[in-house]
**Student:** 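This structure is in structure tokens; I'll ask about it shortly.
Small disclaimer: the values here were computed from a predicted structure and weren't measured. As a basis for the values below, the full set of heavy atoms in this structure was taken, side chains included, without hydrogen atoms, waters or symmetry mates.
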Amino acid sequence: MTIDELFPGIYMEDKEVEFKGILSKGKDDKGNSLEMDWLKTIAAFANGEGGRLFIGVENKSHKIVALDANEADRQVLLLHQEIRNRFDPVIYPEVKKHMMPWKGHNILLEVVVSHSPLLPVFVSDRGAHFTFVRRFGETNVASSEEIRQLVMSSEDVSFDQIPTSVEFREEDFVDMEKLYFENRGEKLSLNTLLLKGFVDGKGFLRRGALLFRDDTKSDLTSISIVKYPGFDKGSDSLVFVKRMKGPIHRMILDAKECVMGLSPSGLQKTNDGEKILYSYPERSVLEAIANAFAHRNYWMDGTQIQVSLFPDRLEVTSPGSLPGIASLDKDKEISQIKPRHRNKIIADILMVLGLVQGLGTGFGKIADDYAAQDEDHKPFIDSDANSFTITLPNLLHKEGVLDKGDIVPKVRTDKRLLDENEQRILGYCFYNRHSIKEIADYLGVSVSTYLSKRILSPLVSEGLLIETSSRPKTFMSDRTNVKVF
């Protein structure tokens, strides 16, 4: 059976159609990425009018060869993993599975790519970023003129600014208006909401405004709070687990109260009596959680903000990199970090409600709260392509934050059992990024093609190990989506 028998009218590759027998991965003899062979086509579709990539169709004969169920699942995982790690901005193609009327290899995958509103879409490869366009039935690197045209046609609309057809009704925001009155002593006016872009000129809500409604139960506002008995997430027993979703402002306040309630406190005798000591400054906890909501990437489905309490620290992790920051590794100069606002409407409303002190000052407030502490009790920020984490040291833990560089926890995954080498690698890369040479040294083996292609590549394809685009290339276990425990 050929592709045109299943899809009449599709009989050749053109500007909006491409065929692949299978999505390749790894490196060729010259060290070039095989993934780029198909990633560039997907990017070109997103930069153009969209398109469809069929996986399981021979390129020359157009014969449907299809895939078995296991291979089809691996192909889908590889597709989403590579797009998430190498596209900027990230796009979210739809994957359709077509069942063929025969046994065994009977699944044809159709990847439907829509035109991206944010242009151009770049693909990273070996530390560089490339833009591709579709010309006739071929994919080519975009010329400087084509890149300029893409930039000019970009809608450049953030998630929270997207218009909706939902009308503003005051009765849908009772809790938000109550909080405003408590902090400001006056009624929240419609004019204020108009000025902040919360409501447009016709009275319709922006997409970000929907996340403040009293009745919202969107997964985009989900937050998970977990208290661990030990210094890492390797324990099967948890002291406390709570998952919530609701209006953003309510999630911030409830999460802050929960953290403060779970954190130990103490008493210090003074000349005037006693002084209560807290594990974490309340303002810093509020700022850390509020910043996680203000800066999170709301385009990343299936993710949530994670608050993790350990004996020595509090970690607040938000999906998506810190906007405007390529990467950070335990950066303690947090007052100098000035991220761009990914969600200006959400950030502005949080400021109006008094949940953040001011745009761009949140990290500075946290630094001020810890200014008198020693180096072991300084807060720090980590950021990569998948998430950013604010770490607040426990002020009642005398040793400060335990150096996790020497810790190799025992890990597991809900997807499948791990063999000994896989478990050691994922444990070794759980807290810190490591290069392939460091991994090889840790395992006591030499750097080899076998280590790269037979051990590391499958872990990356399954989404258990994240491969960074830094030079040298490094790896880290995927804790963002709670795939590795």
**Student:** Could you tell me which residues satisfy ring pair (Phe, Tyr, Trp, His ring centres under 6.0 Å) with F54, sequence neighbours excluded, listed by chain and number?
**Tutor:**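 For F54, the residues satisfying ring pair (Phe, Tyr, Trp, His ring centres under 6.0 Å) (neighbours in sequence not counted) are F7.
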**Student:** Does anything in residues 72-82 form a salt bridge (charged side-chain N to carboxylate O under 4.0 Å, His left out)? List the pairs, not counting sequence neighbours.
**Tutor:**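 Of all non-adjacent pairs touching residues 72-82, those that pass salt bridge (charged side-chain N to carboxylate O under 4.0 Å, His left out) are E71-R74, D73-K97, E82-R86.
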**Student:** Apply side-chain contact (heavy atoms from CB on, under 4.5 Å) to T131 and list each qualifying residue two or more places apart in sequence or on a separate chain.
**Tutor:**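 Per chain and number, T131 pairs via side-chain contact (heavy atoms from CB on, under 4.5 Å) with N47, P120, F122, A142, I147, L150.
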**Student:** State whether E167 and R169 are salt-bridged, where the test is any N-O pair (Lys NZ or Arg NE/NH1/NH2 against Asp/Glu carboxylate O) under 4.0 Å.
**Tutor:**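 Looking at R169 together with E167, the answer is no, because their closest N to O distance does not fall below 4.0 Å.
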**Student:** For K242, which residues count as a salt bridge (Lys or Arg N to Asp or Glu O under 4.0 Å) partner, sequence neighbours excluded?
**Tutor:**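 K242 satisfies salt bridge (Lys or Arg N to Asp or Glu O under 4.0 Å) with no residue once adjacent residues are dropped.
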**Student:** Under the salt bridge (Lys or Arg N to Asp or Glu O under 4.0 Å) rule, collect the residues that match up with E35, sequence neighbours excluded.
**Tutor:**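 E35 satisfies salt bridge (Lys or Arg N to Asp or Glu O under 4.0 Å) with no other residue.
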**Student:** With a 6.0 Å cut-off (strictly less than), is the heavy-atom count around OH of Y278, excluding the residue itself, greater than 12?
**Tutor:**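 No, because the 6.0 Å sphere around OH of Y278 holds 12 heavy atoms or fewer from other groups.
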**Student:** Could you work out, with side-chain contact (heavy atoms from CB on, under 4.5 Å) as the rule, every residue matching E182, not counting sequence neighbours?
**Tutor:**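 Testing E182 for side-chain contact (heavy atoms from CB on, under 4.5 Å), a comparison that skips the adjacent residues, returns K178, L179.
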**Student:** Using the test side-chain contact (heavy atoms from CB on, under 4.5 Å), find all partners of Q336 that sit at least two apart in sequence or belong to another chain.
**Tutor:**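 So Q336 forms a side-chain contact (heavy atoms from CB on, under 4.5 Å) with E333.
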**Student:** Does anything in residues 258-267 pair up under salt bridge (charged side-chain N to carboxylate O under 4.0 Å, His left out), and if so which pairs, sequence neighbours excluded?
**Tutor:**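 Passing the test, one end in residues 258-267: no pairs.
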**Student:** Sub-3.5 Å donor-acceptor pair from the side chain of K365 to the main-chain atoms of S284, do we have one?
**Tutor:**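 Side chain of K365 to backbone of S284, a donor-acceptor pair under 3.5 Å: no, none is there.
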**Student:** Near F181 CZ, under 6.0 Å, is it more than 12 heavy atoms from other residues, nucleotides or ligands?
**Tutor:**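 12 or below, so no.
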**Student:** Name the one of L79, I83, V76 that satisfies side-chain contact (heavy atoms from CB on, under 4.5 Å) with V111?
**Tutor:**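 Only one option passes, and that is L79.
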**Student:** Excluding sequence neighbours, so at least two apart, what forms salt bridge (Lys or Arg N to Asp or Glu O under 4.0 Å) with K25?
**Tutor:**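 None.
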**Student:** Any ion pair linking K344 and D160 (charged N to carboxylate O, less than 4.0 Å)?
**Tutor:**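 Salt bridge flag = no for K344 with D160.
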**Student:** Can you list every salt bridge (charged side-chain N to carboxylate O under 4.0 Å, His left out) pair that touches residues 200-209, not counting sequence neighbours?
**Tutor:**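 Output for this query is empty, none listed.
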**Student:** Yes or no on side-chain hydrogen bond (donor to acceptor under 3.5 Å, both in side chains) for R296 and T303, after CA distance, side-chain angles and deciding distance?
**Tutor:** CA-CA 10 Å; R296 80 154 283 179; T303 59; 2.9 Å; yes
**Student:** Would you tabulate the side-chain donor-acceptor contacts of residues 252-260 under 3.5 Å, counting partners in other chains and residues two or more places apart, or write 'none'?
**Tutor:**
residue: K256; atom: NZ; partner: E282; partner atom: OE2; Å: 2.7

**Student:** Would you call R52 and E110 a salt bridge, taking side-chain N to carboxylate O under 4.0 Å as the test?
**Tutor:**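 Salt bridge: yes.
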**Student:** The criterion is side-chain contact (heavy atoms from CB on, under 4.5 Å); which residues satisfy it with P247, sequence neighbours excluded?
**Tutor:**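 Applying side-chain contact (heavy atoms from CB on, under 4.5 Å) to P247 gives T216, H249, R250.
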